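Please read these numbers as outputs of a predicted model, since none were measured by experiment.
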Amino acid sequence: TIDTDILPSKPQSTTTTASASATTLALALASAPAPAPTILAQRQNWEQLKKAINGTINRLNAQTIKDLIHSLFQNANLIRGKGLLAKAILRAATTSPTYAPVYASLISVINTKLPEIGELILIRSILLFRRSYARQDRGTTMAVVNFIACLFNQGLCHELLCLQLLTVLLEGDPTDDSVEVAVQFTKVVGMALVESSPAGVHAVMERFRSLLHDGRIGRRVQYKIEELMKIRKNRFQDIPMIGEELDLVERDEQITFEIGLDDEGLEKEDHLDVFKFDPDWVQNEMDWTEIKREVLGDDSDDDDDDDGSDDGDGSSDTDDSDEDGEDGVLVEAAPVTVANTKQITEIHDMSEKDLINLRRTIYLTIMSSATFEECSHKLSKLDIPDGKEMELINMIIECCSQERTFLRYYGMIAARFSLMHNRWSNAFHEAFIVQYNTIHRLETNKLRNVAKLFAHLLHTDSLSWSCMSVIHLNEDETTSSSRIF
């Protein structure tokens, strides 16, 4: 027998130790936080975020709001861009007051998921009202008050804020402008305010009645107060609180902020509107991904599953076809008939009915808009096809020429479109050449209005001065009309 104790010991293998060390190193690298993107990459992402938010706000209306809300959550980090969103909403609400209910409906949906965004927008609205009221800026005050009224109808702010606004506008010896703003605000919030504070509505209407009896306000504002009293007699049924297509949130699910008009410590937080390097970029993006998944659900996963199932069906079809050919018999393929294929017929409207409707819509929009911002916003939503730019340009020129005197309203609309895109500036350049060559066909008053319209474009640098190359000041190539022009 051999004594095993005296045998030399077998050296231990280092394979197990090496693999364990490699596994530990891999786990450590996996658990280590990923480095944040460079400042250039973050700035590019910030610009894309700004573009996504502004594009959504510009395309927002009552028909597209549901789809755009989903798209906004899908494509934009609203926590990172809450300052951009608040800025875009307030700018759109003040420049296009008619769309304020749509913007308020959007904020009501976001507020149920991200209440800090709703609070920021409400605070900025209050601060904007303070500043515009102190500066006696009637247009901005009217617009921001209308937006706050829409937020109240959606349940974002307390009725105390509405009563404070009305008190500030009507206290002491109010001006015609402040009374007019108060009348418009009462019309919008009337139905909701009657439900929450009927005593407050009664006190406000008594104040309106006393102003009406004093006779110190203008006749036009008196008529507005009388109209408001007729609406109140019908319990504000003529002005609904929220449209059916904009009522997207249950009132019990809404978060209401009890912020007063005179609260101290309200901050605008302007630093949220500008880019700032984020060292915790990766972690914040992961947090937003989790929030987005909770809000939208696993739609992307479902889509992937559907695609996979389609692929499975396709593979089973190929398998079946392979099994058919396994018998070794050559089978002639049957001809494929395309009986169910839909034939696409392109119809050309030779009667130009669509063109006539487009001209009518442009004309009615120009003549019915209160401000040039509202008009420009509505016209930009018409989606005028390429090649039809001159229809809009000619309608603006025609409307401007029909006025007794030149109105800057038309010049500012033209300047807005000329600065919007190159296709509009090129169209105005062509229109200048055409108008100058045919200016002798216009009467003197129309001629002056058209000339002042293009002068406004040149003065505001909305039109390139190269268009002046068509003008030749000499005796042979000018007429009396062109010299006046």
Side-chain angles (χ1 to χ4, degrees), residues 25-60 64 67-95 103 106-107 109-111 113-121 123-125 127-128 267-301 303-304 307 377 380 416-426 461-462 464:
L25 179 60
L27 292 175
L29 292 176
S31 60
T38 62
I39 186 172
L40 180 60
Q42 291 192 19
R43 184 178 294 276
Q44 292 176 351
N45 185 277
W46 176 267
E47 294 299 328
Q48 294 176 359
L49 176 63
K50 183 190 298 185
K51 184 177 180 180
I53 292 176
N54 291 335
T56 301
I57 299 303
N58 291 335
R59 293 182 286 118
L60 195 65
T64 62
D67 296 333
L68 290 180
I69 289 175
H70 186 280
S71 175
L72 187 62
F73 275 99
Q74 186 71 33
N75 302 325
N77 186 339
L78 297 183
I79 294 181
R80 186 183 306 280
K82 60 182 179 181
L84 296 175
L85 179 62
K87 183 178 180 180
I89 287 288
L90 278 179
R91 182 175 63 246
T94 52
T95 55
Y103 303 136
L106 170 66
I107 298 304
V109 176
I110 296 176
N111 187 64
K113 308 299 180 182
L114 303 170
E116 61 270 19
I117 296 180
E119 184 179 16
L120 177 63
I121 292 177
I123 290 176
R124 290 192 176 185
S125 301
L127 295 177
L128 180 59
E267 296 182 1
K268 190 178 179 181
E269 300 186 62
D270 288 329
H271 64 277
L272 298 175
D273 301 348
V274 296
F275 169 74
K276 184 180 180 182
F277 180 74
D278 184 9
D280 300 328
W281 174 278
V282 177
Q283 182 61 39
N284 292 334
E285 287 296 319
M286 293 175 61
D287 294 341
W288 170 249
T289 303
E290 292 296 328
I291 296 175
K292 182 172 65 175
R293 184 177 293 110
E294 293 178 2
V295 174
L296 302 178
D298 297 333
D299 294 342
S300 58
D301 296 341
D303 295 340
D304 295 340
D307 296 339
H377 182 77
S380 63
R416 177 65 63 88
F417 271 91
S418 184
L419 295 173
M420 188 181 300
H421 197 273
N422 287 335
R423 69 169 183 149
W424 297 112
S425 59
N426 295 335
D461 288 334
S462 304
S464 174

Heavy-atom closest pair, residues [X] and [Y]:
X	Y	answer
Q42	F277	NE2-CE1, 3.3 Å
I57	A92	CG2-CB, 3.7 Å
E267	I123	O-CG2, 3.5 Å
R124	G83	NH1-O, 3.5 Å
L78	I117	O-CD1, 3.6 Å
D273	W46	O-CZ2, 3.6 Å

To the nearest 0.5 Å, how far apart are [atom1] in [X] and [atom2] in [Y]?
X	Y	atom1	atom2	result
E294	I291	CD	CD1	7.0 Å
N77	K292	CG	NZ	8.5 Å
I121	E116	CD1	CD	11.0 Å
K51	N75	NZ	CG	12.0 Å
F275	N45	CZ	CG	9.0 Å
N54	L85	CG	CG	9.5 Å

Is the count of non-hydrogen atoms from other residues, nucleotides or ligands lying under 6.0 Å from M286 atom CE greater than 12?
->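 It does not: M286 CE has 12 such atoms or fewer within range.
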Judged by atom type as modelled, is there a donor-acceptor pair below 3.5 Å linking the side chain of S418 to the main-chain atoms of S462?
->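 It does hold such a pair.
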Look only at the side chain of N111 and the backbone of I107, and say whether a donor-acceptor pair between them is shorter than 3.5 Å.
->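 Absent.
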May I ask you to decide if the ring planes of W424 and F417 are parallel, tilted or perpendicular, using 30° and 60° as cut-offs?
->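 Rings of W424 and F417: perpendicular, as their planes differ by over 60°.
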Should L68 and R59 count as side-chain neighbours, where that means a heavy-atom distance under 4.5 Å?
->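 Side-chain contact under 4.5 Å: yes.
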Please tell me if the side chains of Q44 and E47 come closer than 4.5 Å, counting only heavy atoms from C-beta onward.
->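 No; the side chains remain at least 4.5 Å from each other.
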Step-by-step side-chain contact (heavy atoms from CB on, under 4.5 Å) determination, L120 to E269 = CA-CA 8 Å; L120 177 63; E269 300 186 62; 3.9 Å; yes
Using the test side chain to side chain donor-acceptor pair (under 3.5 Å), find all partners of T94 that sit at least two apart in sequence or belong to another chain.
->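 Scan of T94 (side chain to side chain donor-acceptor pair (under 3.5 Å), adjacent residues dropped) gives none.
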Pairs where residues 71-88 contributes a residue and the test salt bridge (Lys or Arg N to Asp or Glu O under 4.0 Å) is met, not counting sequence neighbours |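 Only R80-D278, R80-E285 qualify under salt bridge (Lys or Arg N to Asp or Glu O under 4.0 Å).
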Working for side-chain contact (heavy atoms from CB on, under 4.5 Å), residues I110 and F73 | CA-CA 9 Å; I110 296 176; F73 275 99; 4.3 Å; yes
